[in-house]
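In what follows, chains are A, B, ... by sequence order, proteins preceding strands, each numbered from 1.
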Number of protein chains: 2
Amino acid sequence: MTYCIGMMLDRGFVVMSDTRTNAGVDNISTFRKMFTWEEQGDRVITIMTAGNLATTQALVSLLDERSKAPEDREPSIFAVPSMFQAAQLVADTLKDVIATHADEGQRASSSFNATVLIAGQIKGAAPRLFLIYPEGNFIEASSDTPFFQIGETKYGKPILVRGYDPEMSFEAAIKLMLLSFDSTIKSNLSVGLPLDVQAYETDSLTQGYTTRIEADDEYFQTISSGWSDALNEAIGSLPDYKIKS
Amino acid sequence: MTYCIGMMLDRGFVVMSDTRTNAGVDNISTFRKMFTWEEQGDRVITIMTAGNLATTQALVSLLDERSKAPEDREPSIFAVPSMFQAAQLVADTLKDVIATHADEGQRASSSFNATVLIAGQIKGAAPRLFLIYPEGNFIEASSDTPFFQIGETKYGKPILVRGYDPEMSFEAAIKLMLLSFDSTIKSNLSVGLPLDVQAYETDSLTQGYTTRIEADDEYFQTISSGWSDALNEAIGSLPDYKIKS
């Protein structure tokens with residue numbers, strides 16, 4: 001499993017992904033699930049992947065190879081004129097990869113499916129965030145649904161629903177997302193640190209703040225341990241139920 | 001789907017279940033999922049069910065019919081000498097019901113599975129809580145895992161994990177469980193009010209406080225709307241992430 005969040009804010013977007021992959025509970029590895037293509041002043045496109053690791057790595061390698069030979073840039077993630085077409089390119093590539101593995105060679109008991117979040121901005125248009133399904137279709141975030149989650153989404157959703165505010169700062173958004181990750185990590189072994197984070201400021205057209213939060217990160221430890229107290233205080237601040245006898 | 005919680009406390013146990021059943025999103029009904037067998041001074045046994053409604057109704061009817069004719073009380077939920085054997089009886093009955101539907105007659109595309117929580121106390125022993133799987137085996141709550149959830153369990157788990165305290169009052173436990181239900185109801189259409197609640201005090205050997213919380217319940221409205229503020233205050237009480245530039 002995996003957990004990734006993409007969140008649109010008034011000032012840009014923040015994306016966060018874990019790095020745990022597992023085949024069963026006895027085969028756990030760390031792999032990056034966040035990949036960025038940047039051409040400063042022109043575009044920043046970040047994708048996050050959940051699902052079959054072979055599929056998502058093939059997807060990223062294909063997108064990457066197409067982007068590396070300038071004379072062979074059609075279709076390339078550096079050449080598409082809009083975020084919609086970038087999403088379309090990623091979706092088509094994803095569909096191809098899955099179809100290749102599903103139709104040919106040995107059959108596997110698990111599926112080759114993968115889901116992708118793509119966030120970015122191309123010069124001349126606003127930043128956009130899409131969720132791409134394994135079938136190759138996709139949906140876009142809007143003011144009604146300003147964030148997407150992929151992977152193990154349920155444990156961490158309630159706090160995002162309650163805590164999200166489009167006007168919040170990157171710092172507050174990262175805190176909120178870390179709390180959502182903490183709830184998930186505490187409940188599901190298949191999501192784990194380190195976490196990759198990226199905060200993109202609208203119209204900067206440069207990758208922006210990017211970091212990896214390791215398991216021993218002091219700030220993460222602080223909010224993870226502080227959250228129990230804060231949450232219990234919040235619960236305590238509400239009136240107890242009254243048993244009418 | 002469904003959501004039920006069974007929670008052991010130092011002073012007894014509290015159980016809560018929703019009442020929504022659905023076949024698709026366009027066929028929603030209200031059905032009770034909590035059933036109690038009581039013989040004052042001797043035993044109180046409550047079960048909650050999740051899964052196929054025909055299966056769970058057949059289970060309850062079978063347990064009920066066996067309990068109604070005193071001369072035919074073997075095996076009966078009123079005759080079993082321990083909670084372990086009560087769980088065994090429910091588990092065997094459940095397994096039989098599922099096997100009957102699975103092996104005979106028309107095939108259905110959905111499974112006939114169901115999961116059951118059983119909580120109760122029989123005179124001379126402590127209260128116990130079990131989770132019964134469709135296969136007919138079961139596990140018991142312990143001080144390490146003092147509560148069980150069945151149905152749509154993920155959304156409401158993090159708050160239970162953080163908020164649970166074995167020493168808490170029934171009133172505080174009901175509040176905590178309502179917050180867990182509220183998180184779930186906000187995220188999943190297939191869980192809905194009204195909610196059935198029961199609080200059992202150890203050694204009372206009587207059903208104890210039992211009520212139904214309707215959708216327009218004033219207290220539920222208060223904590224549901226108050227929770228956003230309380231939670232956001234809790235988030236605000238933690239230090240924001242620092243972006244090091």
Side-chain angles (χ1 to χ4, degrees), chain A residues 14 152-165 168-180 182-188 197 199 208-211 213 217-220 222-245, chain B residues 14 152-165 168-180 182-188 197 199 208-211 213 217-220 222-245:
Chain A
V14 184
E152 181 55 74
T153 61
K154 294 186 178 184
Y155 298 110
K157 186 172 184 188
I159 193 170
L160 290 181
V161 171
R162 298 285 197 175
Y164 175 81
D165 175 358
M168 68 182 147
S169 66
F170 287 142
E171 287 85 354
I174 292 174
K175 175 172 71 173
L176 177 65
M177 289 159 87
L178 285 176
L179 289 171
S180 175
D182 185 56
S183 292
T184 308
I185 289 168
K186 283 239 168 2
S187 298
N188 191 313
V197 185
Y209 181 73
T210 305
T211 192
I213 296 174
D217 183 86
E218 207 178 313
Y219 177 75
F220 185 77
T222 306
I223 65 157
S224 176
S225 60
W227 184 234
S228 277
D229 294 340
L231 193 66
N232 276 303
E233 237 168 79
I235 296 171
S237 76
L238 295 174
D240 271 3
Y241 184 75
K242 293 260 183 303
I243 289 185
K244 303 121 194 157
S245 49
Chain B
V14 184
E152 182 55 75
T153 61
K154 293 186 177 184
Y155 298 109
K157 187 173 184 187
I159 193 170
L160 291 181
V161 170
R162 297 285 198 175
Y164 175 81
D165 176 356
M168 67 183 150
S169 67
F170 288 142
E171 287 85 354
I174 292 173
K175 175 172 69 171
L176 177 64
M177 289 158 87
L178 285 175
L179 289 172
S180 175
D182 184 57
S183 292
T184 308
I185 289 167
K186 283 236 168 6
S187 297
N188 191 312
V197 185
Y209 181 73
T210 306
T211 191
I213 295 173
D217 182 86
E218 205 177 315
Y219 176 73
F220 185 77
T222 305
I223 66 157
S224 176
S225 61
W227 185 233
S228 277
D229 293 341
L231 193 65
N232 276 304
E233 235 168 81
I235 296 170
S237 75
L238 296 174
D240 271 4
Y241 184 75
K242 293 258 181 308
I243 289 185
K244 303 121 194 158
S245 50

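Closest approach of B:I235 and A:G163 over heavy atoms only: CD1-CA, 4.1 Å. In terms of heavy atoms, B:S169 sits closest to A:D240 at OG-OD2, 4.1 Å. Taking both residues in full, the closest heavy atoms of B:R162 and A:L231 are given as CB-CD2, 3.4 Å, listed atom of the first, atom of the second, then distance. The two atoms that bring B:Y219 and A:Y241 nearest to each other are OH-N, 3.0 Å, heavy atoms only.
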For B:N232 and A:D165, run side chain to side chain contact (heavy atoms under 4.5 Å, CB included): C-alpha distance rounded to whole Å, both residues' side-chain angles, the deciding distance at 0.1 Å, then the answer. CA-CA 10 Å; B:N232 276 304; A:D165 175 358; over 6 Å; no
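Interface remark: B:L160 contributes no atoms to any contact with chain A (heavy atom separation under 4.5 Å). Contact of A:T184 with chain B is not made at all, since no heavy-atom distance falls under 4.5 Å. Of the two parts of A:I185, neither the backbone nor the side chain holds a non-hydrogen atom closer than 4.5 Å to a non-hydrogen atom of chain B. Using a 4.5 Å cut-off between heavy atoms, A:L179 contacts chain B through its side chain alone, with no backbone atom that close.
When the candidates A:K154, A:K186, A:E171, A:K242 are compared by the number of heavy-atom contacts under 4.5 Å with chain B, A:K154 comes out ahead. Per-residue counts of heavy-atom pairs under 4.5 Å with chain B were compared for A:I223, A:D229, A:V161; the largest is that of A:I223. Considering only heavy-atom pairs separated by less than 4.5 Å from chain B, the leading option among A:A199, A:S183, A:A234 is A:A234. Counting heavy-atom pairs closer than 4.5 Å to chain A, the top-ranked of the candidates B:L178, B:D182, B:T153, B:L176 is B:D182.
Distance alone, capped at 3.5 Å, places no donor-acceptor pair between the B:K157 side chain and the A:S187 backbone.
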